[in-house]
Each structure stands twice: as structure tokens, then as C-alpha cells.
S.K.: 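The following block contains the structure, expressed as C-alpha cells.
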Amino acid sequence: MHIAVCIKQVPDTRNVRIDPDTHTLVRQGVESIINPFDLFAVEAALRIKDDTDAKVTALTMGPPQAEEALRETLSRGVDEAVLLSDRAFAGSDTWATSTTLAAAVRKLADVDLVICGKQAVDGDTAQVGPEMATLLDIPYATLVRSIEWTSGGDLKVTRQTDEGIEIWKLPLPSLITVLKEVGEPRMPSLRHKMRAKKAQIPVWGAADLGLSPDSVGLCGSYTQVVRVFSPPRRSDRVFIEGSVEEQAEALYRYLKEAKVPGI
Amino acid sequence: MKAIVDKKKCTVCGVCSDACPMGAITVGETHVDISDDCTLCGICVDTCEFGALSLPQVGTGPEEDLGLYSGVWVWAEWRDGSVHRVSHELLSAGRMLADKRSAPLCAVLLGSGLKENLSRELITFGADVVYVVDRPELARFTDEAYANVLVELIRTRKPEILLAGATSTGRSFIPRVAASLRTGLTADCTELDISEDGHLLQTRPAFGGNVMATIICPNRRPQMATVRPRVMKPLVIAGHEGRIENVSVPDECLKSRVEVLEVIPEQDQTARLTEAEVIISGGRGLRKAENFALLQELAGLVGGAVGASRGAVEEGWICPSHQVGQTGRTVAPSLYMAVGIAGAIQHVVGMQGSKFIVAVNKDPQAPIFDVAGCGVVADLFEFLPAFIRKIRQERGETS
């Protein structure tokens, strides 16, 4: 079995801040990390590999420095990695990103299962997984919290929805997006770290993927950002003081006045 | 590819250079230069008061006459025989958009054994037409069948705008609809408007809520967005009339390669975080699992749910389905009460959309107070019992 895991390098949101003067995002000096949900995707793939001897390939689309994120997945036990990098990919929305990743999965040719994280923490769209599956014309299940196999070799997954739990059966090839419940990501091992250091990571551009430059990046995107601004800050904060009884009384009044339901 | 500088308009003021998060703009002699580090984020375009900066155009997709598309559609989500609140909210937002475009507002109801009162309800919230596809294959949700049916309806009736709730179901299958139609989709919007030339202005938080971005889909139709629940206000339009149209779809639309084996509704009502009006959340400050009983009691009293920080979940005090934050649920109730939660950014991104945020913490420096509208600096083990007593006393109950 061949599993492709899609990962994204994102700015560490703990350090993202807004310049108070220009009201824009300060990304300089902000460290990049692997999107936390994608680490669960890597772990989910490695757990299948532990049991079945599957081959796991990590994919990412990004600038040349995203190679670092791929090496990290190798050091955790991923077999191979491919970097999708090209100036033409800049400015991709979820559609253009899905187009590029789907083309890479096609080029790998023998992928049985694609695993993505639930969403990336910088964009929070959760769209790339389902859009990729649509482009690849394979079934998918989002919000997967555990993975099993049926005796017939189908995938049996448990989904966590807003209302509860659903158990779905999917034939391969298929795509899933996973939650943290699939398992705590393992630490890099010394052996894999050595291998990761030496590994050659191929770089595929638009031409390698058979994509025309106007089907990727900004030109291949359908959505466009027209304005970026800081959210209005709450300035009306009140502190409730006094004895706990007074505080309880004051909070009760505050919520009553605010017409909070249930109070 | 990078941002484009109109050298005639550039005054070399340098404002864009300071604003560029990638440091890709250098100030030259006669105009600014943009390096290959440009990620086309568009931040500079907004900062230039001379209109000297622009981005290359987004794609047009397959050739099509956009003028053929008209009307605003809302995918009406329902469960346990009643319409999901977010669909009411979207109809109200959709009504405003439809009126501005002088176009009809339509709701799409997919399912099996749908009662007519569901459709009537959608009309009272502003729908002019309710399209109903009632088939046994739609009894249980699957991405493929739901998406294929919606795609079929859109292809034949060509709405200009499609809105859906950013629920676990909406966010799962709407991307398939957008990708099948080769159109753009904006996730998790918190504000919608329409420009004079018909662009749906879709505003959403990005980078964990640190910035807001307004996004358009200029060259493809329908313009599609999922909208975060509890942001728009639902409005009943008294006496509003509409019609119900039962639509039949080709059988192949209803095929799904996925088989739903089991659907198990969450039994613990206090874990139904995304639907709750009130969430009482606890963190490491609770010290042990037993103390969550205090939160359960308060939540029970106000009909709310119980949330938790990652810390409390990692301690094993409460199960992960209660977790709010980056790796848990994103919630936006009317009241979010954070008790004994320090307020790490990973927690805050999951709850900052709440209408009222009350923080209870004994450390006045706790970052949670930065996002709270109301702060209570107190020992939670003294304050919570007092607050519970107060509510009971107001209701004439004895504790």
C-alpha cells in the first residue's frame, strides 16, 4: 500500500502579531512549523505503516524552505518526500492548491490512500482535502478520529461530527482528513534523523506536474483577497471587583442586562 | 509572479515596504522594487494610497456567461426533524443580499421523509422558493450524494450565490460542490455583503483571528461561502410568502461510494458545544476531574454545555470531545465563561468569536483577560459556588 500525506508549513501562530502602526501582519522572525493537524496525519499514516508495511510519501506545496518540514516528517519515519515548488504556485487559493497537490498524487501513480490534517491553522479552511478528492475522483471522509480495516480490505473510519459519531466504510483509493484523536505524533528517532539528513528530496514544478502556468498559483485561483485588516478590538472590558458575593451579584446583573440566554 | 508596481503612480513613500510581511519591497530611486519573496498576499495593495500597487488577475476558468446566473441560494441544514439554526441565520443574510440584487432567495432542502413544515419554516425566514429533493438515499448524509444533487440543481438553475453553514457537514461537502463546479469557495465567513457590481464580499478571520480578510470570486459563478454559525442574526419575516418545489434528480446523482455503517448521536448534552448558547469552560485551574462537577452544575442551571482547555483534557479530567481551541472545537456561543483557563492563543482562537466572554481567574495577569469582555479576578472555588447560589436565589430555588 502507498499512502500520501499532505502537509503544510505554517507560521507558528503563537508568535504572529499585528503591527500596531500599520495594522498588518508581522511575519518576520516568526518561526515556521508543520501545521499541527498535519502531524496527526503523518502519525495516522505511520501507524498504518507499523501494521501493514505500507510506503508513506509526504507532499507539500511551498517555497524552497518548506523542504525543512518534509525532512522533519522523514525523521519521524516517513519513507519519501516530494516538494512541490515553483514561482508559478505563488498566491494559490484552495482550488489552485488542490489542483497542484492532486496532480502530484496522480504523478505518484500508485497511491491508495491520501491523508490530510483536518485543516491548516493559518487559513482554517478545511477545503483542500475535499477539493483534492473531488479532482482525483475518489471518495473521502473528513474529521476522522480513528481508522480500522474491514476484512475485505476497505477502510472503516470513525468521524467526529457536530452531532456525534459516524462510522463510514470507504473503498480504496480514498482520502481522509484527520483529527488529533488518531494518535499522539511520535518523536523523531535517531535512525530516521540520520536518514532524513541525507535524503534527496525531489522538487516538482508546474511543468513536472503537467500543469500549465495559468492553472496554478494566483492565475489558477478563483478567489482573490481584496482587503486585509485588523479585527476591531474589544475596548469595553470591565473588571468586576469586591467580595465573591458582590462579584457574583455584579456578574449576574451584567449577564442579565446583556440578555444572555439561560441566565 | 509578484505584485505589480505602476511606476507612474508610485511616489516612493515607502509605506508598502514597511507593511510587507515578507520584506519583499525595497525602496528604489524612482519607484519601489518587488523581489521574488512576494507571496501575493495583497497587504501592500491596501496600504498604497496612490493606487500604485496591484496583484495579477486571478483565473477565469472555463468560458461562461456570468450574466446567466441569478438568485441567492441557501443550503438548508436540518437534523432531528427541525431546521438548523444556522440556516435561519443564512436566510436572513441571504434576504439582504437578494434584495440588493433584486433577485429571489431560495432554500435547498435535501433529505428523506421531509415534512412540509420544514419548508414552511424556511419561507417564514425569508425564502421565496424552497427546492426540495426527497429521496431515501439522502436519509443519511454522504458527501458524494449531497454534493452531486446540489451540483445538479445549481447546473440547471444557475444561482449567483450559494451559502451554507460552516458546520461539520457544510464544511465537508460544500468544497466538493465548489470543486465540481470549478468555482471559488470561501470558508467560515463572519460577514457578507455585496458590491454594486455584484461581487459577494466575503469577510473571514485568518491567522487564528489575528487578521480579517475580505475575499471575492470575480470570474466564476456561483460565488460560494460557508458561514460561521451564530454570527448572523435570524429574522422571521411576518406574512412572507413563498412556494415549495419538489425537484426530481437523475438516479446517478444519488450514488455514493461511501457506506454509512452507523450514526451515533452524542449522548452527553453538555458536549454539544457547537450548538450551545452558553459554554462554561474549565482549565488547569480546576485542579482535578471532580471539580468539573461545579461547571456541570452551572451549565445545567443555564442549559449550557461544558468546555475545556487542552490542559484540562491532557490531564484526563474531561474527555476530548469537550475541548475548545485550535486542536479542539471552534465555538461562538452567546456566552463563553472561561474558568481557571490561562488563555493561551491556541485556546483563544477557538472561542474569540463568542458574543460575551467572561473570564474567571485568580491571576489578574492571565492573558485570558485580554479577550474577555468581563473579568472576574477571584478564586474559582469560592466564586463559582457563590455565583450558582446567586442564580438559584434569583429563581427562588434553594440550593
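In what follows, chains are A, B, ... by sequence order, proteins preceding strands, each numbered from 1.
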S.K.: Please report the C-alpha distance between B:Thr60 and A:Tyr222 in whole Å, then the side-chain angles of each, then the deciding distance to 0.1 Å, and finally whether the side chain to side chain contact (heavy atoms under 4.5 Å, CB included) criterion is met.
M.R.: CA-CA 7 Å; B:Thr60 53; A:Tyr222 294 144; over 6 Å; no
S.K.: If I measure from the heavy atoms of chain B, does A:Phe89 come under 4.5 Å with its side chain, its backbone, both, or neither?
M.R.: neither
S.K.: Count the heavy-atom pairs under 4.5 Å between each of A:Ala96, A:Gly220, A:Gly123, A:Ser174 and chain B, then report the option with the highest count.
M.R.: A:Gly123
S.K.: Given a strict heavy-atom distance threshold of 4.5 Å, which part of A:Leu255 is in contact with chain B: side chain, backbone, both, or neither?
M.R.: side chain
S.K.: May I ask you to say whether B:Arg79 pairs ionically with A:Glu163, meaning some side-chain N is under 4.0 Å from a carboxylate O?
M.R.: yes
S.K.: Check whether B:Val177 gets within reach of chain A through its side chain, its backbone, both or neither, counting any heavy atom under 4.5 Å.
M.R.: neither
S.K.: In plain terms, say whether A:Glu245 and B:Arg389 are close enough for a salt bridge, that is, a side-chain N and a carboxylate O under 4.0 Å apart.
M.R.: yes
S.K.: B:Gly184, B:Ala147, B:Ser321: which one forms the most heavy-atom pairs within less than 4.5 Å of chain A?
M.R.: B:Gly184
S.K.: At a heavy-atom separation under 4.5 Å, does A:Leu135 approach chain B through its side chain, its backbone, both, or neither?
M.R.: side chain
S.K.: Between A:Pro63, A:Gly117, A:Pro139, which residue shows the highest count of heavy-atom pairs closer than 4.5 Å to chain B?
M.R.: A:Pro139
S.K.: Relative to chain B, which of A:Ala120, A:Pro213, A:Ala126 shows the most heavy atom pairs under 4.5 Å?
M.R.: A:Ala126
S.K.: Side chain, backbone, both or neither: which part of A:Asp93 has a heavy atom under 4.5 Å from chain B?
M.R.: neither
S.K.: Does any non-hydrogen side-chain atom of B:Val58 lie less than 4.5 Å from one of A:Trp95?
M.R.: no
S.K.: Does any backbone or side-chain atom of B:Glu275 lie under 4.5 Å from a heavy atom of chain A? Answer side chain, backbone, both or neither.
M.R.: side chain
S.K.: Is the closest side-chain heavy-atom distance between A:Arg227 and B:Met212 below 4.5 Å?
M.R.: no
S.K.: Where do A:Gln247 and B:Ala378 come nearest, in terms of heavy atoms and distance?
M.R.: OE1-CB, 3.4 Å
S.K.: Heavy-atom pairs under 4.5 Å with chain A: which of B:Gln223, B:Glu144, B:Arg204, B:Arg272 has the most?
M.R.: B:Arg204
S.K.: Run B:Arg176 and A:Glu131 through salt bridge (Lys or Arg N to Asp or Glu O under 4.0 Å) and show every step you take.
M.R.: CA-CA 6 Å; B:Arg176 186 181 162 98; A:Glu131 290 189 343; over 6 Å; no
S.K.: Checking an interface table here. Which of residues 141-150 of chain A come within a heavy-atom distance under 4.5 Å of chain B?
M.R.: A:Thr142, A:Leu143
S.K.: If you count heavy-atom pairs under 4.5 Å with chain B, which of A:Gly262, A:Ala88, A:Gly164 comes out on top?
M.R.: A:Gly262
S.K.: Looking at every non-hydrogen atom in both residues, tell me the closest pair between A:Pro130 and B:Pro175 and how far apart they are.
M.R.: CB-CB, 3.6 Å
S.K.: For residues 236-263 of chain A, which residue pairs qualify under ring-ring contact (aromatic ring centres under 6.0 Å, His included), counting only residues two or more places apart or in two chains?
M.R.: A:Phe239-B:Phe369
S.K.: Report yes if some heavy atom in the side chain of B:Val258 is under 4.5 Å from a heavy atom in the side chain of A:Lys169; otherwise report no.
M.R.: no
S.K.: Please classify the contact between B:Met337 and chain A as side chain, backbone, both or neither, with a heavy-atom cut-off of under 4.5 Å.
M.R.: side chain
S.K.: To the closest 0.5 Å, what do you measure between CD1 (A:Ile263) and CZ (B:Phe356)?
M.R.: 11.0 Å
S.K.: Is there a side-chain contact between A:Gln224 and B:Pro218 in this structure, where contact means two heavy atoms from C-beta onward sitting under 4.5 Å apart?
M.R.: yes
S.K.: Mind running salt bridge (Lys or Arg N to Asp or Glu O under 4.0 Å) on A:Arg253 and B:Glu394 for me, showing each step along the way?
M.R.: CA-CA 11 Å; A:Arg253 296 274 155 251; B:Glu394 287 288 330; 3.1 Å; yes
S.K.: Is there a donor-acceptor pair under 3.5 Å between the side chain of A:Gln127 and the backbone N or O of B:Leu185?
M.R.: yes
S.K.: For chain A, find which of B:Thr330, B:Leu40, B:Leu261, B:Val377 contributes the most heavy-atom pairs closer than 4.5 angstrom.
M.R.: B:Leu261
S.K.: Report yes if some heavy atom in the side chain of B:Arg140 is under 4.5 Å from a heavy atom in the side chain of A:Glu166; otherwise report no.
M.R.: no
S.K.: Among B:Ile391, B:Val278, B:Thr183, which has the most heavy-atom pairs under 4.5 Å with chain A?
M.R.: B:Thr183
S.K.: Out of A:Thr177, A:Leu170, A:Asp214, A:Leu251, which one racks up the most heavy-atom pairs below 4.5 Å with chain B?
M.R.: A:Leu251
S.K.: What's the verdict on salt bridge (Lys or Arg N to Asp or Glu O under 4.0 Å) for A:Asp124 and B:Arg228, showing C-alpha distance, side-chain angles and the deciding distance?
M.R.: CA-CA 12 Å; A:Asp124 281 330; B:Arg228 189 176 284 187; 5.8 Å; no
S.K.: Which atoms of B:Asp46 come close to chain A, meaning under 4.5 Å heavy atom to heavy atom: side chain ones, backbone ones, both, or neither?
M.R.: side chain
S.K.: So if I apply the side chain to side chain contact (heavy atoms under 4.5 Å, CB included) rule between A:Val226 and each of B:Ile215, B:Thr214, B:Thr203, which one comes out positive?
M.R.: B:Thr214
S.K.: Using a 4.5 Å cut-off on heavy atoms from C-beta on, say whether the side chain of A:Lys180 contacts that of B:Val313.
M.R.: yes
S.K.: With a 4.5 angstrom heavy-atom cut-off, which part of B:Gln323 approaches chain A: side chain, backbone, both or neither?
M.R.: side chain
S.K.: Are B:Lys390 and A:Glu249 packed together at the side-chain level, in the sense that at least one heavy-atom pair is separated by less than 4.5 angstrom?
M.R.: yes
S.K.: Counting only non-hydrogen atoms closer than 4.5 Å, does A:Glu241 touch chain B with its backbone (N, CA, C, O), its side chain (CB onward), both, or neither?
M.R.: neither
S.K.: Exactly one of A:Thr158, A:Ile167, A:Thr161 should register a side chain to side chain contact (heavy atoms under 4.5 Å, CB included) with B:Ile264. Which one does?
M.R.: A:Ile167
S.K.: Counting N and O atoms only, with roles assigned by atom type, does the side chain of B:Ser168 sit under 3.5 Å from a partner on the main chain of A:Asp162, one being a donor and the other an acceptor?
M.R.: yes
S.K.: So for B:Glu382, is it side chain, backbone, both, or neither that comes closer than 4.5 Å to the heavy atoms of chain A?
M.R.: both
S.K.: Let me confirm one number: the NZ-CD distance from A:Lys156 to B:Glu259, rounded to the nearest 0.5 Å.
M.R.: 11.0 Å
S.K.: Is chain B contacted by the side chain of A:Val225, its backbone, both, or neither, given a heavy-atom distance below 4.5 Å?
M.R.: both
S.K.: Chain A: which of B:Ser334, B:Pro56, B:Cys38 shares the most heavy-atom pairs with it under 4.5 Å?
M.R.: B:Pro56
S.K.: Please state whether the side chain, the backbone, both or neither of A:Lys118 comes within less than 4.5 Å of a heavy atom of chain B.
M.R.: side chain
S.K.: Could you tell me which of B:Gly304, B:Ala213, B:Gly303 has the largest number of non-hydrogen atom pairs under 4.5 Å with chain A?
M.R.: B:Ala213
S.K.: For B:Leu301, which atoms come within 4.5 Å of any heavy atom of chain A: side chain, backbone, both, or neither?
M.R.: backbone
S.K.: With a 4.5 angstrom heavy-atom cut-off, is it the side chain or the backbone of A:Lys259 that approaches chain B, or both, or neither?
M.R.: neither
S.K.: Step by step, work out the side chain to side chain contact (heavy atoms under 4.5 Å, CB included) result for B:Asp143 and A:Tyr140.
M.R.: CA-CA 8 Å; B:Asp143 294 284; A:Tyr140 65 92; 3.6 Å; yes
S.K.: Are the charged groups of A:Asp137 and B:Arg257 less than 4.0 angstrom apart, N to O?
M.R.: yes
S.K.: Non-hydrogen atoms of chain A under 4.5 Å away: do they reach the side chain of B:Ala359, the backbone, both or neither?
M.R.: neither
S.K.: Considering only heavy atoms and a distance below 4.5 Å, find which of A:Ala133, A:Ser221, A:Ser243, A:Pro36 pairs most often with chain B.
M.R.: A:Ser221
